[in-house]
2 protein chains.
Amino acid sequence: MTAVAARKSGGISIPCTACPLRKLSRFREFNAEELAFVLELKRGELSVERGAAIVMEKSASPHLYTVLSGWGFRYKTLADGRRQILNYILPGDFVGLQTSVFEMMDHGIESLTEMLLCVFPRDRLLDVYRRCPSLGFDITWLAARQERLLDDNLLSVGRRTARERMAFIFLYFYRRAEEAGIVQGRKLRLPITQQQLADTLGLSLVHTNRTLGKLRATGSIRWTDGTMEIVDVDRLIAIAGSDFATDQVRPFI
Amino acid sequence: MTAVAARKSGGISIPCTACPLRKLSRFREFNAEELAFVLELKRGELSVERGAAIVMEKSASPHLYTVLSGWGFRYKTLADGRRQILNYILPGDFVGLQTSVFEMMDHGIESLTEMLLCVFPRDRLLDVYRRCPSLGFDITWLAARQERLLDDNLLSVGRRTARERMAFIFLYFYRRAEEAGIVQGRKLRLPITQQQLADTLGLSLVHTNRTLGKLRATGSIRWTDGTMEIVDVDRLIAIAGSDFATDQVRPFI
DNA sequence: CGCGATTTTGAGAGCCGTCAAGATACGTGG
DNA sequence: CCACGTATCTTGACGGCTCTCAAAATCGCG
């Protein structure tokens, strides 16, 4: 985790009209009005390196971000350092809403890879609702989706065994990467450490390692050199108890 | 948990102009336009008895609700019956957003007491954003708040010990009841069973009971006959490791 | 007064955490 | 290209927190 957060690139090199993500069929299309408004709203791009603190815990941030590329995660820590990873952030995700609404972030955001983020000024948030109601609705949609992801994680951490939990989180990674269009075949880059996986699952590092060993032994997944591969989806679903639910079409700011 | 869900009262007996909750200083004030719009939007009231299923898992609901009185909770279950309580629902809370946004609820909502809910048609949700942007923003605000509550719960279940977790959830009950204006002195009605508490904390019933016994022995809280009392807040905060954060002013639809 | 729901207590097993140390991988400087 | 320090992964040993099974006690209600 690098203390120095990020470097902000000077201007806008990727106009929304040529947004590489919008082309994915996964995202709903913008009409001309929406596109014009977002284009006008966008303040720039933020490029961060791996391991950067995008938002610090207990601090305010003047920005809202949409992820264009890369992986990150949201987390909270206790006073003695115990950490819980709350959710992962992938391309298409919208982050920073809590800052805009509560004046203070009570969770941190950190990058797992180099990331490219779209920057919007948070003080214009209310304008979004006034001038482009359909985008306001989209923001609510995205917030409700975050809530659903958290529901899943909470169920998992609270009620699934370590083995089920781990199978489920791999399904989560797979499905979310599919959504973001970064799965190649059955493989995807999974740029996390076992410590981070442990902090996600609510387990210790040691037990995470052992559980991972057993899960690998089932032959349903592989995960080496930062690349994970789903070998037997059905097997993995059977171990987890259920699949991770995704959406067909989603908004994207 | 009664299978029969609820009985819908005929019309509107409490007009929004005389909403008993809005008087609480906790909630931000409406201007005339907002009030008129909500009044027009409100479809009626729903009165449910204790233990009713307000929303079933894996079902769609045509309504959005604002809680006027009573306690409830959101939950998810696994195929074999293990259950996780995700969050509690108190007066002033807005529920049913996930249904409106995803066409399907993947969590259930159940009442813990008799409840009175304001009913809004979900197919008018987009109208809210178009015709009253400030209310649209409020809905997003409430969704972001839900997210923050879930963040806290996830941190708790994932990384706190049983003892810390239980101290924290009692602070949660206390602070949330304060927000809702249903604390009298240091006492409040806490209409849950130990099994429900266990499902909230991610613990077994037996261990919940034992942990509760030890927590009671510290003298920081009392909880008998459905009434809980905070005897020593600072002590409880010390055990939990931190207090539960609340908001000063919040919107209310 | 009797029955079901809830709470409490006991006993034993095991999942999971902590402590510890070694193995492997990786980046950096010589 | 090699040496070395750091981060990450792996494995062993052991303790204990938490689970399950079981049953008794208490409460709520008709």
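Atom set for the values below is all heavy atoms of this structure, side chains included, hydrogens, waters and symmetry mates excluded. Residue numbers begin at 1 in each chain, while the letters A, B, ... track the order of the sequences.
In this structure, B:Arg176 fails the cation-pi test against B:Phe244, since its NZ or CZ atom is not both closer than 6.0 Å to the six-membered ring centre and inside 45 degrees of the ring normal.
Counting only N and O atoms by type, the side chains of A:Thr77 and A:Glu57 include a donor and acceptor under 3.5 Å apart. For A:Tyr172 and A:Asp243, the side-chain atoms include no donor-acceptor pair closer than 3.5 Å.
Taking a cutoff of 4.0 Å between a charged side-chain nitrogen and a carboxylate oxygen, A:Glu110 and A:Arg50 do not qualify as a salt bridge.
Contacts of A:Gly226 with the nucleic acid, taken as non-hydrogen atoms under 4.0 Å apart, are absent. Among the heavy atoms of the strands, none lies under 4.0 Å from B:Arg160.
Rounded to whole angstrom, the span from the CG atom of A:Leu197 across to the P atom of D:dA7 amounts to 20 Å. For B:Leu201 and D:dC17, the CG to P distance is 17 Å, given to the nearest whole Å. D:dC17 atom P lies 15 Å from atom CE of B:Met166, rounded to whole Å. Per the geometry, CD1 belonging to A:Ile192 stands 9 Å off P belonging to D:dC9, to the nearest Å. Remark: P of D:dC17 and CD of B:Glu164 are 12 Å apart, rounded to the nearest angstrom. Remark: P of D:dT10 and NZ of A:Lys214 are 14 Å apart, rounded to the nearest angstrom. Atom P of nucleotide D:dT26 and atom CD of B:Gln195 are separated by 21 Å, given to the nearest angstrom.
Annotation for A:Tyr174 and A:Gly185: closest pair OH-O, 4.3 Å, computed over non-hydrogen atoms.
Once you apply a 4.0 Å limit to the heavy atoms of chain B, the touched nucleotides of DNA chain C run 5' to 3' over C:dT6 to C:dA11.
Listed by residue number, the members of residues 204-212 of chain B with any heavy atom below 4.0 angstrom from DNA chain C are B:Leu205, B:Val206, B:Asn209, B:Arg210.
Panel note: side chain B:Lys76, backbone B:Asp106; a donor-acceptor pair is recorded below 3.5 Å. Remark: the backbone N or O of B:Asp247 is paired with a side-chain donor or acceptor of B:Arg26 at under 3.5 angstrom. In terms of modelled atom types and a separation under 3.5 Å, the side chain of A:Arg235 and the main chain of A:Thr218 share a donor-acceptor contact. Side-chain atoms of A:Ser111 come within 3.5 Å of backbone N or O of A:Glu49 as a donor-acceptor pair.
Axis deviation across the helix from C:dC1-D:dG30 to C:dG30-D:dC1 amounts to 40°, comparing end segments of five pairs, rounded to 10 degrees.
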Step-by-step side chain to side chain donor-acceptor pair (under 3.5 Å) determination, B:Gln98 to A:Asp151:
CA-CA 11 Å; B:Gln98 287 197 28; A:Asp151 286 352; 3.1 Å; yes

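Here the two rings, on B:Phe173 and B:Tyr88, have centers that are under 6.0 Å apart.
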